[in-house]
S.K.: 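One structure is given below, represented as structure tokens, and several questions about it will come after.
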Amino acid sequence: MKLVKSLLLGSAAGFAAVAGAQAADLPSRKAAPVEYVRVCSAYGAGFFYIPGTDTCLRVSGRVRAEYVVGKRFGTGQDGYGTRARGQVNFDARTATAYGTLRTFIRYQLNNNGGQYANSNVNGILFPGARTTNSSDALLDLAFVQFGPITAGRAQSFFDFYANDYGFNVVRTSDNRLNLLAYTATFGSGFSLTVSAEDRSSGTANREAGAVTRFGAAGVALAGQEWPDVVASLRVDQGWGSAQLSGAIAQRKVNIAQNAFLARGGDHVGFAVQGGVKINLPFLAAGDALFLQAAYADGAVGYLGYGTNFGLGRFGPLVLGDISVDPVSGKVSSTKGYSFVAALRHYWTPQLRSEVYGSYSKLDLRYTHAAAFYAGPVRSLDPKELRIGANLIWSPVAGLDIGVDVLYQRVELATRFQTLRNDVTRTGAFAKSQDGWVGRLRIQRDF
């Protein structure tokens, strides 16, 4: 009996071995490995690895609905305006032996109606025909950062307080443009950046040097031989941050009228700015105060002035970095300064307020529109005050619902003949003008 059992067990083992050997010769089918999206925690929340690569990507965006009411300066204007904005951001980063390689893209779409369709809704409007609708698409940012190099369309390295608070804008440099920059870091939060910046590619209505008007016929802004050169020294630490920045700008002039207007040639303008941001955690978490001052000579775009300066019922004043006396032909640069202050305070983690303002003054030297002056030709030299405040409720993360009010006052050095609906009001002269704008904003960031 034992002999029979041994034979049976031996036979079974032999068959199993043979079957196993034959099965090993058969082709096998293995499931392809599944590539799951993995969280990338190296650069903060929201990043994930692009499958099959070592690059981390974050996709974010914004949807904004905004409604404005404000003072009108002519029956051709609407007393309100609406805006819908969609924005999408792509932030891709890869760790390399030379540091982080970063690529950032921000694309923005707007649809505007009413006052938003006018050219100067941020503050006092000037008389103009009613515009029912306008749409625009904007590549707001598109840059590559590789070690100390920044190349592409980015925020100007001259800027410090770039309208960080409030729904309206104050007189401050806030420009995205094409640039090539090098940043050296020294530790303890200190850095120095040198940047070559193309001001002509900047954000609309932010650069007076892009299109310059002069005080005499036959005078025009010539092309630049080199871009604006910007340098900024910055420190970022636990208490806040501070920055000292400067810019040098070439402004060439062509004069082709007659013999007494033979002056011109190269003009080099400059701008300097200093600012500090102080964190105020002893008041509430997230509280901060901005203080900033700037001066410009022949480069007033660095103060936040654009080509058109709305003067309410006076109409639009066209600004330029350089002006020409229509009588003597003397060429002079436009000078100016600005002061900015802004405070953010959290009443509760969901409720905050922002108070902000600016005071600025321009020395235009000579003017370009003598027909609208009262008396002899002389410079208007406008002084401007802007003060705004808001209250913002954030019931859930990423959602802001707020109201904002801005008051603006402009004073001129001489009386100016006022306009209504682009028609001169004969005999109506004034030296000051004020106005206000109120906004409701509902915004979702994701």
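Both backbone and side-chain heavy atoms feed into the values below; hydrogens, waters and symmetry mates do not.
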S.K.: Would you say Tyr305 and Ser360 are linked by a side-chain donor-acceptor pair, where the criterion is simply a distance under 3.5 Å?
M.R.: yes
S.K.: Take Val272 and Phe158 through the test side-chain contact (heavy atoms from CB on, under 4.5 Å) and record every step on the way to the result.
M.R.: CA-CA 9 Å; Val272 292; Phe158 183 88; 5.8 Å; no
S.K.: Mark yes or no for whether Gln273, through its side chain, and Ala293, through its backbone, hold a donor-acceptor pair below 3.5 Å.
M.R.: no
S.K.: Quick test of your reading of the model: are Arg234 and Asp236 salt-bridged, counting only N-O distances below 4.0 Å?
M.R.: yes
S.K.: Please determine if Arg171 and Glu384 form a salt bridge, counting it only when a charged side-chain N lies under 4.0 Å from a carboxylate O.
M.R.: yes
S.K.: Are the side chain of Ser195 and the backbone N or O of Glu197 linked by a donor-acceptor pair below 3.5 Å?
M.R.: no
S.K.: Is there a side-chain contact between Lys361 and Pro382 (heavy atoms, below 4.5 Å)?
M.R.: no
S.K.: Okay, side chain of Glu411, backbone of Asp381: is any donor-acceptor separation there less than 3.5 Å?
M.R.: no
S.K.: Can you find a pair of side-chain heavy atoms, one from Leu391 and one from Leu351, that are under 4.5 Å apart?
M.R.: yes
S.K.: Please determine whether a side-chain nitrogen of the Lys or Arg among Asp91 and Arg102 lies less than 4.0 Å from a carboxylate oxygen of the Asp or Glu.
M.R.: yes
S.K.: Regarding Asn89 and Ser60, do their side chains bring together a donor and an acceptor under 3.5 Å, going by distance alone?
M.R.: yes
S.K.: Is there a side-chain contact between Phe282 and Asp287 in this structure, where contact means two heavy atoms from C-beta onward sitting under 4.5 Å apart?
M.R.: no
S.K.: Indicate yes or no: at least one non-hydrogen side-chain atom of Trp239 is less than 4.5 angstrom from one of Val276.
M.R.: yes
S.K.: Between Arg64 and Asp400, does any side-chain N to carboxylate O distance fall below 4.0 Å?
M.R.: no
S.K.: With a sphere of 6.0 Å drawn around OH of Tyr98, does it hold more than 12 non-hydrogen atoms of other residues, nucleotides or ligands?
M.R.: no
S.K.: Parallel, tilted or perpendicular for Tyr295 and Phe270, by the 30°/60° rule?
M.R.: tilted
S.K.: To the nearest 0.5 Å, what is the distance between CG (Leu343) and CG (Leu280)?
M.R.: 6.5 Å
S.K.: Looking just at side-chain N and O atoms, do Tyr407 and Asp434 make a donor-acceptor pair shorter than 3.5 Å?
M.R.: yes
S.K.: Minimum heavy-atom separation for Gly46 to Arg58, with atom names?
M.R.: O-CG, 3.6 Å
S.K.: Does Val300 offer a backbone N or O that forms a donor-acceptor pair with the side chain of Asp321 under 3.5 Å?
M.R.: yes
S.K.: Can you list the steps and then say if Asp159 with Ser173 is a side chain to side chain donor-acceptor pair (under 3.5 Å)?
M.R.: CA-CA 6 Å; Asp159 300 352; Ser173 181; 2.4 Å; yes
S.K.: Looking only at atom types and distance, does a side-chain atom of Thr185 sit under 3.5 Å from a main-chain N or O of Gly187, one as donor and one as acceptor?
M.R.: no
S.K.: Distance only, no hydrogens: is a donor on one side chain within 3.5 Å (strictly under) of an acceptor on the other, for Ser232 and Gln243?
M.R.: no
S.K.: Between Asp140 and Arg176, does the salt bridge (Lys or Arg N to Asp or Glu O under 4.0 Å) criterion hold? Intermediate values first, please.
M.R.: CA-CA 7 Å; Asp140 196 40; Arg176 274 83 63 201; 3.2 Å; yes
S.K.: Search all heavy atoms of Arg352 against all heavy atoms of Ser394 and return the closest pair with its distance.
M.R.: NH1-OG, 3.4 Å
S.K.: Should the ring pair Tyr359 and Tyr337 be called parallel, tilted or perpendicular, given that the plane angle runs from 0 to 90° and is split at 30 and 60?
M.R.: tilted
S.K.: Might you point out which heavy atoms bring Ala285 and Tyr346 nearest each other, and give the distance in Å?
M.R.: O-CD1, 3.4 Å
S.K.: Would Asp297 and Ser333 satisfy side chain to side chain donor-acceptor pair (under 3.5 Å), going step by step from the backbone distance to the final call?
M.R.: CA-CA 6 Å; Asp297 184 337; Ser333 60; 2.5 Å; yes
S.K.: Just wondering, are more than 12 heavy atoms of other shown residues or ligands nearer than 6.0 Å to CG in Leu385?
M.R.: yes
S.K.: Is there a donor-acceptor contact under 3.5 Å linking the side chains of Tyr302 and Asp228?
M.R.: yes
S.K.: Which heavy atom of Ala181 sits nearest to which heavy atom of Phe157, and what is that distance?
M.R.: CB-CE1, 3.5 Å
S.K.: Under a 3.5 Å cutoff, is there a donor and acceptor pairing between the side chains of Thr172 and Asp174?
M.R.: no
S.K.: Do Thr150 and Leu179 have side chains that get closer than 4.5 Å, going by heavy atoms?
M.R.: yes
S.K.: Do the non-hydrogen side-chain atoms of Ile392 and Ile401 ever get within less than 4.5 Å of each other?
M.R.: no
S.K.: Is there a donor-acceptor contact under 3.5 Å linking the side chains of Glu354 and Asn390?
M.R.: yes
S.K.: So which of Leu141, Leu139, Leu138 actually passes side chain to side chain contact (heavy atoms under 4.5 Å, CB included) with Gln108?
M.R.: Leu138
S.K.: Dump the intermediate steps for side-chain contact (heavy atoms from CB on, under 4.5 Å) on Leu101 and Val144, then the final yes or no.
M.R.: CA-CA 8 Å; Leu101 170 60; Val144 175; 4.0 Å; yes
S.K.: Any side-chain heavy atom of Val403 within less than 4.5 Å of one from Val405?
M.R.: no
S.K.: Side chains of Thr94 and Thr55 only: does a donor on one sit below 3.5 Å from an acceptor on the other?
M.R.: yes
S.K.: Can you see whether Arg83 engages Asn110 through a side-chain donor-acceptor pair at a distance of less than 3.5 angstrom?
M.R.: no
S.K.: Ring centroids only, cut at 6.0 angstrom: are Phe290 and Phe160 within range, meaning strictly under it?
M.R.: yes
S.K.: Under 4.5 Å between any side-chain heavy atoms of Leu177 and Asp198, yes or no?
M.R.: no
S.K.: Per the side chain to side chain contact (heavy atoms under 4.5 Å, CB included) rule, which among Ser201, Pro227, Ser200 passes with Asn178?
M.R.: Ser201
S.K.: Tell me yes or no: between the side chains of Tyr165 and Asp404, is some donor less than 3.5 Å from an acceptor?
M.R.: no
S.K.: Is a donor from one side chain sitting under 3.5 angstrom from an acceptor on the other, for Thr100 and Gln145?
M.R.: no
S.K.: Determine, for Phe167 and Arg439, whether the Lys NZ or Arg CZ falls below 6.0 Å from the six-membered ring centre while staying within 45 degrees of the axis.
M.R.: no
S.K.: So, for Ser358 and Val170, which heavy atoms are closest and what is the spacing to 0.1 Å?
M.R.: OG-CB, 3.4 Å
